[in-house]
Amino acid sequence: MGGPASLAELLAEVTKMTDMQLDENVMNSLKCQIRVNPLHRAMQSVLVDNKEKVPISPRPALRPVDNQNEKMLDNMLTAEGIVVPGCDPSHVADIKREPDFNRELNNVQNELNQEISAYHKKKAELSENVSNVIRRQGEFRPISNKDIESMSNMVSHKLQKVIECAKQRSCEHVTHLKRVYMDARRTRKNFSRHSTEILNAYFQAHITHPYPTEQDKEELARQCNISVGQVSNWFGNKRIRYKKMLAKEKSENGQRCAPQPMPCIPNPYMMQGYPMAPPFMFVPPNMPDYQQFVPKFEPPTTAGTSVSH
DNA sequence: GTATATGATTCTCC
DNA sequence: GGAGAATCATATAC
């Protein structure tokens, strides 16, 4: 059984093979003929060389992997105490949490480990299979080692997304757990009466503009033994609820009789020509700290204003 | 058990 | 980023 003698005939056989219907028996017989042809290797070498020199419909270069998102996910997971395979374990936070939360986090950790380990296994299998298929094709097509390497890179590139998705799921899981276990709404306690009095006193003292400065917030936080954030929350809630309360009062008054002016507190200082009333009438008893929030009023020196103490 | 109060969170707007 | 508004989740009063 002899194959085609010249390179031209060999090429014709290969071309014929690519055009014909996929009848397996015929195809295998043709492949055997081509393999045993003494010019086969030489032809392959020439075709590969030519391909290298004349790029035919070159593939677009793989875009460099944008791993910013993955890094962000890694950082978030390690900050929550999750060991991300492949990341520096010394960065993993050691946080003391309640046992149930820790147990749930361990589950997240195990799932992530399993997914990443399965990924590496699948990746190796797939790369191997793709390489084999390409190598077999290489007998009849101009495929170089560079092509095989490029294809392998492409497989890795695509599969990297799988790991990113696994990390994304873990992050979402941790976020959900934090919401369940660490939402302060679930463990909130009312502030002490003393703290509430201090906050209310400040609010009333600055009723025309109840927006404490950062310095005041810090001082209020210190006195109330709460955080500055809690002070901000308290004033945010207070302002909106106070506003609603006034609106409600107004509408209730309006239903009973003619519209009334906004309920206001007698302000002797305003009556006496001061720009703003000091909050003396709201000072709760037994609250020495409170005095520092009382605005310091310098009586106007201009003629026509007089203050009697 | 229900209504209301209250502290925290989230979303939107500027 | 801060404030307003809506909403959630719990505490408290009844």
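Atoms considered below: every heavy atom in the structure, side chains included; atoms not considered: hydrogens, waters and symmetry mates. Letters A, B, ... mirror the listed sequences (proteins, then strands); counts begin at 1.
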Check the distance between B:dG7's P and A:Phe203's CZ and give it to me in whole angstrom. 13 Å

Modelled atom types, side-chain donor and acceptor of A:Gln223 and A:Glu219, under 3.5 Å: yes

Heavy-atom pair with the smallest gap, counting every atom of A:Lys167 and A:Leu77: O-CD1, 4.1 Å

Between C:dT10 atom C1' and A:Asn190 atom CG, what is the distance in whole Å? 8 Å

A:Glu164 and A:Gln168: side-chain hydrogen bond (donor to acceptor under 3.5 Å, both in side chains), yes or no, with the steps? CA-CA 6 Å; A:Glu164 198 178 317; A:Gln168 179 78 43; over 6 Å; no

Nearest to the A:Gln230 side chain among C:dA11, C:dA6, B:dA8, which nucleotide is it? B:dA8

Below 4.0 angstrom, N of the basic side chain to O of the carboxylate: do A:Glu111 and A:Arg169 qualify? no

Counting side-chain heavy atoms from CB outward, which of C:dA3, C:dA6, B:dG7 is closest to A:Thr196? B:dG7

Does a side-chain N or O of A:Tyr242 approach OP1 or OP2 of B:dT6 to a distance below 4.0 Å, or not? no

Integer-rounded Å distance: C:dA9 P and A:Lys189 NZ: 16 Å

Rounded to the nearest Å, what distance is computed from the CD1 atom of residue A:Ile226 to the P atom of nucleotide B:dG7? 8 Å

Taking atom types as they are modelled, would you say the side chain of A:Arg241 forms a donor-acceptor pair with the base of B:dG7 within the 3.5 Å cutoff? yes

Quick check for you: among C:dA3, C:dG4, C:dT10, whose closest atom lies nearest to any side-chain atom of A:Arg188? C:dT10

Take atom NZ of A:Lys243 and atom C1' of C:dG4, then tell me their distance rounded to the nearest Å. 7 Å

Can you say whether the rings of A:Tyr202 and A:His206 are parallel (under 30°), tilted (30 to 60°) or perpendicular (over 60°)? parallel

Among B:dT6, C:dA5, C:dA6, which is the nearest nucleotide to the side chain of A:Asn237? C:dA6

Measure CZ/A:Phe191 against P/C:dT12 and give the value in whole Å, please. 13 Å

Find the distance A:Lys244:NZ to B:dA5:P and express it as a whole number of Å. 12 Å

Nucleotide of C:dG4, B:dA8, B:dG7 approaching A:Asn233 most closely (side-chain heavy atoms): B:dA8

Would you mind reading off the distance between A:Lys248 atom NZ and B:dT4 atom P, rounded to a whole angstrom? 8 Å

